[in-house]
Amino acid sequence: MLQNIKITKTVKSKINSLDFENIPLGTSFTDHMFICDYENGEWTNPRIEPLELIPTHPAAMALHYGQAIFEGMKATLDTNKAPMLFRPEKNAKRLNFSAHRMGMPNFPEDLFIEALKQLVAIEQNWIPPQDGSALYLRPFMYADEAFIGMRAATHYKFIIMASPSGPFFTKRIKLYAETNYIRAAKGGTGEAKAAGNYAAAIRPSELAKNKGYDQVLWLDAREFKYIQEAGTMNIFFKINGEFITPSLDGSILSGITRMSVIELLRDKGYKVTERKITLDEIIEASNKNLLEEAFGTGTAVGIALIEEIGNDTIRILMPKDNPIGNWVNNTLNEIKSGKIDDKFNWMTKTEKV
Ligand SMILES: Cc1ncc(COP(=O)(O)O)c(C=O)c1O
């Protein structure tokens, strides 16, 4: 049975301090958060309360052993200014997939969705109205039991925060094909949205930026031959009329944008193949002028068009025009803003209060 969410509203909203024309990236947070505790084997006390600091014991296990997972999703406004969520049931399932891999408890999917709906209803004035902008939602779970020792924690917190994000006008990006560091290996945690995956990616990302690239192109952990992901995005190539994206082999995050783009492209009549794809194949397709487009997909940016893949020994330049990448980006934005029919039933309305 769904537990009642106790709501305590802030006495003073911070919304007037936000410049909606110029939203800073990742630094502004809405007035409230959803929070729920795990103890004695169950989730208790689900509540929405003013967002504030949380006292943490220095031995909180997440800080030492890394039991920490998260999700990323967006709320947008439809043409009547009613808030909507994009495929939240997929995030609920992925959170539990990550929790399972990290030895953490399942979070009830119906409570996950209800918490999102109620938080978004309370914070709806924080949803930026411009096309391509959204209220970014960050559900996460971490071990807050104070214990020194290597085992699954018995106390956790599950929290949802919200942060307004402006429209992304990303320039085409350059990817550094990394042949020294890896993001994930089969049997590891790459398929989970575990905080540690991101920690391990920070140094390689910084090094790639120092070399003039925007993000890392991650290759497989055994041979540095097969393409996995682009930064924190999944990746698509269009070669000789066909779209190809790396298959989910246990080391790749199953992106919700990725699955949506596959559906959109197939619906439009394109052939989309999920399979292993080597960097050499991309080089060969480029040399034969068969490489037509490449883009990354993810909640934060939507679609990021790719300009170049390179490293100290290779350089692949993509064609300048990206008709399909742009079409996919616009179509996703139009579905998320209710401008076109949601024929795939992806949007979940939340209450307008
Ligand atoms: C490593 C990684 N790959 C891919 C994605 C794209 O996933 P989604 O489309 O669900 O945002 C993300 C972002 O969540 C990510 O962190």
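One-based numbering along the sequence shown. Numbering of ligands and ligand atoms starts at 1, following listing order.
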>> If you measure every N or O of Thr297 against every N or O of ligand 1, does any of those distances drop under 3.5 Å?
In response: no
> Using a heavy-atom cut-off of under 4.0 Å, does the side chain or the backbone of Glu229 touch ligand 1, or both, or neither?
Replying inline: side chain
> Got the closest protein heavy atom to atom 9 (O) of ligand 1, with its distance?
Replying inline: Thr257 OG1, 2.5 Å
>> Please list, in number order, the atoms of ligand 1 under 4.0 Å from a heavy atom of Asn234.
In response: 4 (C), 6 (C)
>> Given Phe107, which partner from the list Phe140, Trp43, Tyr156 fulfils the ring pair (Phe, Tyr, Trp, His ring centres under 6.0 Å) test?
In response: Trp43
>> Give the atom numbers and elements of ligand 1 that come within less than 4.0 Å of a heavy atom of Met233.
In response: 3 (N), 4 (C)
>> For Thr232, which part has a heavy atom under 4.0 Å from ligand 1: side chain, backbone, both, or neither?
In response: both
> So, is Tyr198 polar-close to ligand 1, with some N/O to N/O distance under 3.5 Å?
Replying inline: yes
> Which of the atoms of ligand 1 are close to Arg94, meaning less than 4.0 Å from one of its heavy atoms?
Replying inline: 7 (O), 8 (P), 10 (O)
>> Please work out, at 4.0 Å between heavy atoms, whether the side chain, the backbone, both, or neither of Asn197 comes within that distance of ligand 1.
In response: neither
> Closest non-hydrogen protein atom to atom 11 (O) of ligand 1, residue and atom name please, with distance?
Replying inline: Thr299 OG1, 2.6 Å
>> Counting non-hydrogen protein atoms only, what is the nearest one to atom 7 (O) of ligand 1? Give residue, atom name and distance.
In response: Gly255 CA, 3.3 Å
> Can Asp37 and Arg47 be counted as an ion pair, charged N to O under 4.0 angstrom?
Replying inline: yes
>> What I want to know is whether Ile256 and ligand 1 share at least one N or O pair that is separated by under 3.5 angstrom.
In response: yes
>> If the threshold is 4.0 Å, N to carboxylate O, is there a salt bridge linking Lys276 and Asp220?
In response: no
> Starting from atom 14 (O) of ligand 1, which protein heavy atom do you reach first, and at what distance in Å?
Replying inline: Lys193 NZ, 2.7 Å
> Heavy-atom contact under 4.0 Å between Met259 and ligand 1?
Replying inline: no
>> Assess whether a salt bridge exists between Glu191 and Arg101, defined as any Lys/Arg side-chain N lying under 4.0 Å from an Asp/Glu carboxylate O.
In response: no
